[in-house]
**Q** 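Sharing a structure with you now.
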Protein chains: 2
Amino acid sequence: MTEDRQSKPAAAGPLPEINTGALPKVIGYMLRLSQLLVYQAFQRAVNDETIRPPQFSILEIISCNPGVRPSDVAASIGVSRANLVPLLAELEKSGFLVRGSDRKDGRAQALHLTPAGEAQLTRLHEVVARLEDRLAEYLGPGGRETLLRLLHDLNTGAAKA
Amino acid sequence: MTEDRQSKPAAAGPLPEINTGALPKVIGYMLRLSQLLVYQAFQRAVNDETIRPPQFSILEIISCNPGVRPSDVAASIGVSRANLVPLLAELEKSGFLVRGSDRKDGRAQALHLTPAGEAQLTRLHEVVARLEDRLAEYLGPGGRETLLRLLHDLNTGAAKA
DNA sequence: TATTGTTATACTCTATAACTATA
DNA sequence: TATAGTTATAGAGTATAACAATA
């Protein structure tokens, strides 16, 4: 048995000996490193392989918009309608949501969370709140609010372009 | 021919009619939307399918660290050694880099950019600079610097945890 | 004609284990 | 025994085209 526990999960982050040149000044590069680390932290905190960030987002959006259509959920989280299908199917199979039918539009579905889905979402809110508080410690006083505002401005600006 | 140019490329961004609940206050959610938009903007600006953000990062790191080893490149951009292999092979095939051998370590390779690689990198620097300037407009005065500092603090903090 | 949910497909990305050759 | 580069593979994510039902 050679084991060889190599090929680490891409822990990311410039090594001290390596000169990353202009990359630390490139917004896209820094966004990628940050997202990688935050996603990994989310997975460790949630401790459930089947609940990844998109699943959390989907549950939140359905909870806040009872009867919402899959199309609008997809647009809200930046996933195509086609790729949302297996995600919804998995959440339905887990018993977290049900698909009703839209009275006004025979083509559309009306999504609702089950009590189990709401309970899962409540748990996720607690886990995420603790994680975000820990991240906020790294950002200094007011850092979290500033970061969220800047990302919001970036999103609304870039979306129009 | 039905065409049906649907399934938009996941343009992302909460629709005005949809309530995204607590998501706009979740750092990971906002990071994902931002990264999605910035990556798409990068692709449009570069206008070359074969040059994606990781390719740009790899060229930059080799240029700033002549003779660097693939292992260190992989760690710097948050990609596993195994997954770096096809990326390097593609860049080598495009004539942008060469793989020499490390004098001090027979196992390692020493990566160097070719003149064509340096030229491509110079072009990419110009494209990225224009893109970043446009993004900076959305962020307000000092916004870019603040965003980069916050992302840096987030990365260094989360990397230790 | 256009849209909603869906299927199918392809390609990228990511993760993991294991091999070889060097150390 | 440990590391560097590689191979292979499986899974997730993403992009695109097309279809049936409905509007």
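In the text below, chain A, chain B and the rest are named by the order of the sequence lines, each starting its count at 1.
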**Q** How long is the line joining CG of A/Asp72 and C1' of C/dG5, in whole Å?
**A**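 Atom-to-atom, A/Asp72 to C/dG5, this comes out as 13 Å.
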**Q** Measure CG/B/Leu84 against C1'/C/dC13 and give the value in whole Å, please.
**A**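 About 13 Å, once rounded to whole Å.
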**Q** Can you check whether B/Arg52 has a side-chain N or O nearer than 4.0 Å to OP1 or OP2 of C/dC13?
**A**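 So the side chain of B/Arg52 is within the cut-off, an N or O lying under 4.0 Å from OP1 or OP2 of C/dC13.
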**Q** Quick check on DNA chain D: between A/Arg103 and A/Leu87, whose nearest nucleotide comes earlier from the 5' end?
**A**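 First, find each residue's nearest nucleotide; the 5'-ward one identifies A/Leu87.
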**Q** Could you please name the option among C/dT22, D/dG5, C/dC13 that lies closest to any side-chain atom of B/Arg107?
**A**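 Output: C/dT22.
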**Q** In whole angstrom, give the distance that lies between atom CG of B/Asp105 and atom C1' of D/dT3.
**A**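 It works out to 8 Å between those atoms.
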**Q** Which residue is it: A/Glu132, A/His125, A/Arg130, A/Glu126? I am looking for the one with a side chain to side chain contact (heavy atoms under 4.5 Å, CB included) to A/Val128.
**A**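 Of the listed residues A/Glu132, A/His125, A/Arg130, A/Glu126, the side chain to side chain contact (heavy atoms under 4.5 Å, CB included) partner of A/Val128 is A/Glu132.
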**Q** Compare every heavy atom of A/Glu60 with every heavy atom of B/Leu23, then report the nearest pair and how far apart it is.
**A**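 Result for this residue pair: CG-CG, 3.7 Å.
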**Q** Under a 3.5 Å threshold, yes or no: a donor from one side chain and an acceptor from the other, between A/Arg123 and A/Gln120?
**A**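 The answer is yes; a qualifying pair exists.
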**Q** Tell me the interatomic distance from B/Gln40, atom CD, to D/dT14, atom C1', rounded to whole angstroms.
**A**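 The answer, rounded to whole Å, is 11 Å.
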**Q** Just how far, in rounded Å, is P of D/dA4 from NZ of B/Lys104?
**A**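 After rounding, the gap between these two atoms is 15 Å.
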**Q** Crowded around B/His152 NE2? As in, over 12 foreign heavy atoms under 6.0 Å?
**A**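 No, the 6.0 Å shell around NE2 holds no more than 12 heavy atoms from other groups.
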**Q** Answer yes or no: does a side-chain N or O of B/Ser71 lie under 4.0 Å from OP1 or OP2 of D/dG5?
**A**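 Result: yes.
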**Q** Strictly below 4.0 Å: does A/Arg81 bring a side-chain N or O up to OP1 or OP2 of D/dC19?
**A**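 False: A/Arg81 side-chain N/O out of range (4.0 Å or more) of D/dC19 OP1/OP2.
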**Q** Tell me whether the side-chain N/O atoms of A/Arg69 come closer than 4.0 Å to OP1 or OP2 in D/dT22.
**A**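 A/Arg69 to D/dT22 OP1/OP2: no side-chain N or O under 4.0 Å.
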**Q** A/Ala108 or A/Asn83: which one's nearest nucleotide on DNA chain C is closer to the 5' end?
**A**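 Looking at DNA chain C, the more 5' nearest nucleotide goes with A/Ala108.
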**Q** Using whole Å, report how far OH of B/Tyr39 lies from P of D/dG13.
**A**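 Interatomic distance, OH of B/Tyr39 to P of D/dG13: 16 Å.
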**Q** For a quick check of understanding: with a heavy-atom distance under 4.0 Å over all strands, which category does A/Asp102 fall into, base, sugar-phosphate or nothing?
**A**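 Contact class for A/Asp102: none.
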**Q** So, using salt bridge (Lys or Arg N to Asp or Glu O under 4.0 Å) as the criterion, who are the partners of B/Arg134 when residues are at least two apart?
**A**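 Expected list: none.
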**Q** What is the distance, to the nearest angstrom, from the CD atom on A/Glu90 to the P atom on C/dT6?
**A**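 Atom-to-atom, A/Glu90 to C/dT6, this comes out as 15 Å.
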**Q** Of the listed nucleotides (D/dA17, C/dA15, D/dT7), which one gets closest to any side-chain atom of B/Ala82?
**A**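 Selected nucleotide: D/dT7.
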**Q** Mind calculating the distance between CD (A/Gln109) and C1' (D/dA20) to the nearest angstrom?
**A**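 My rounded result for the distance is 14 Å.
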